[in-house]
Amino acid sequence: DVESRQSLRATIERELDILKRFMDDLRNVVKPRPVERFPLEVNASLAETVEAMRIEGERAGVTVEARYAPEPLVIDGDRFALGRVYRNLMTNAIQATQPGGRVMVTMAREGDQVAIGVADTGSGIPPDRIRAIFDDFVTTKRRGLGLGLAISKRIVEQLDGTIVVESEVGRGTAFMLRFPARDDQSAHAAAS
């Protein structure tokens, strides 16, 4: 019947999308995609991802909040690649957080750097696992290939940034990304 076919089609399309993401991740491990660099205003680019992830959070019963910087924060970045990093960190945070918990995204200027934080009130990462979370094929979850954080770290480093993690079991995890800030005229153009 029509209803069964529509349901089956939706299931197949969803599973094909998951397989495509896995294949993209595997391809990116073997041959990383080069990132492009353009002046990128962080508040605006991150706001797009935060809004999309709020819906994911609502489905899981997790509040996703953001605290944006009062001034434009401009870095040399790749909107698509950084969007992937932001989505990965927020997805992991939502999945690690019990219903009623929250994920907080922050942006700030710290000296000559732009700092972006993603923190959750989730289950945390055991100390014996935390050193390996950025390695290929390492995961603390039941599902997934364990490539999201490894690929995220590569993208951040390709953009001359750093990513660090702090975690306490039962209290949550916080990732901090730092990138060199831009202050020239093209940076101001990106912010307007």
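Residues take their numbers from the sequence shown, with the count starting at 1. Note: hydrogens, waters and symmetry copies are ignored here, and every other heavy atom, side chains too, is used.
Applying the 6.0 Å contact sphere to CD of E51 captures more than 12 heavy atoms from other residues, nucleotides or ligands.
The shortest heavy-atom contact between V169 and P127 is CG2-CD, 4.2 Å. Between E3 and D1, the closest heavy-atom pair is N-OD1, 3.1 Å. Between E41 and P72 the shortest heavy-atom distance is OE2-CA, 3.3 Å. The two atoms that bring F80 and D78 nearest to each other are N-OD1, 3.1 Å, heavy atoms only. Of all heavy-atom pairs spanning T173 and G124, the tightest one is OG1-CA, 3.5 Å. Taking every heavy atom of both residues into account, I94 and A60 meet most closely at CG2-CB, 3.8 Å.
Annotation: the span from L73 atom CG to E110 atom CD amounts to 10.0 Å, rounded to 0.5 Å. With rounding to the nearest 0.5 Å, the separation of CZ in F38 from CG in D76 is 10.0 Å. Taking CZ of R178 as the start and CD1 of I75 as the end, the distance is 13.0 Å to the nearest 0.5 Å.
In this structure the side chain of R79 reaches within 4.5 angstrom of the side chain of E48, judged on heavy atoms. Between L159 and L82 the shortest side-chain heavy-atom distance falls below 4.5 Å. Residues V74 and L40 are not in side-chain contact: their nearest non-hydrogen atoms beyond the backbone lie 4.5 Å or more apart. Side-chain contact between T162 and K153: absent, with no pair of heavy atoms (C-beta onward) separated by less than 4.5 Å. Residues M176 and I163 form no side-chain contact, since every pair of their non-hydrogen atoms from C-beta on lies 4.5 Å or further apart. Residues S45 and Y86 have side chains in contact (heavy-atom distance under 4.5 Å, counting atoms from C-beta outward). Side-chain atoms of M107 and V114, non-hydrogen and from C-beta on, never get closer than 4.5 Å to each other. Using a 4.5 Å heavy-atom cutoff, the side chains of L149 and F175 are in contact.
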Practice prompt. Evaluate the criterion salt bridge (Lys or Arg N to Asp or Glu O under 4.0 Å) for residue pair R37 and D160; output intermediate values, then yes/no.
Written response: CA-CA 11 Å; R37 293 171 181 253; D160 300 325; 3.1 Å; yes
- [ ] Assess whether side-chain contact (heavy atoms from CB on, under 4.5 Å) is satisfied between T121 and V62, documenting all intermediate values.
- [x] CA-CA 10 Å; T121 58; V62 175; over 6 Å; no
Criterion salt bridge (Lys or Arg N to Asp or Glu O under 4.0 Å) on E58 and R54, from CA distance to verdict
CA-CA 6 Å; E58 287 173 11; R54 278 196 171 120; over 6 Å; no
Practice task
Take V42 and F179 through the side-chain contact (heavy atoms from CB on, under 4.5 Å) test and state the conclusion after the steps.
Solution key: CA-CA 10 Å; V42 174; F179 298 96; over 6 Å; no
message: What verdict does the side-chain contact (heavy atoms from CB on, under 4.5 Å) test give for T63 and V103, after you've listed the backbone C-alpha separation in whole Å, the side-chain angles of each residue and the deciding distance to 0.1 Å?
response: CA-CA 6 Å; T63 302; V103 172; over 6 Å; no
- Task: For R154 and E157, run salt bridge (Lys or Arg N to Asp or Glu O under 4.0 Å): C-alpha distance rounded to whole Å, both residues' side-chain angles, the deciding distance at 0.1 Å, then the answer.
- Result: CA-CA 5 Å; R154 284 189 191 107; E157 289 175 346; over 6 Å; no
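For R87, there are no salt bridge (Lys or Arg N to Asp or Glu O under 4.0 Å) partners two or more places apart in sequence or in a different chain. The salt bridge (Lys or Arg N to Asp or Glu O under 4.0 Å) test applied to R5 returns no partner, not counting sequence neighbours.
There is no side-chain donor-acceptor pair under 3.5 Å between N88 and T91.
For the side chain to side chain contact (heavy atoms under 4.5 Å, CB included) with S152, the qualifying choice from L177, N92, V85 is V85, the only one to do so.
Although no hydrogens or angles enter the test, the distance criterion places no donor-acceptor pair under 3.5 Å between the side chain of R59 and the main chain of G61. The closest donor-acceptor contact from the side chain of T11 to the backbone of S7 lies under 3.5 Å.
Hydrophobic clustering keeps V50 apart from M104 (ILVMFWY residues linked when any side-chain heavy atoms are closer than 4.5 Å, directly or through intermediates).
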Show me the donor-acceptor pairs within less than 3.5 Å that the side chains of residues 64-71 make with the rest of the protein, sequence neighbours left out.
| unit_1 | atom_1 | unit_2 | atom_2 | d |
| --- | --- | --- | --- | --- |
| E65 | OE1 | R102 | NH1 | 2.8 |

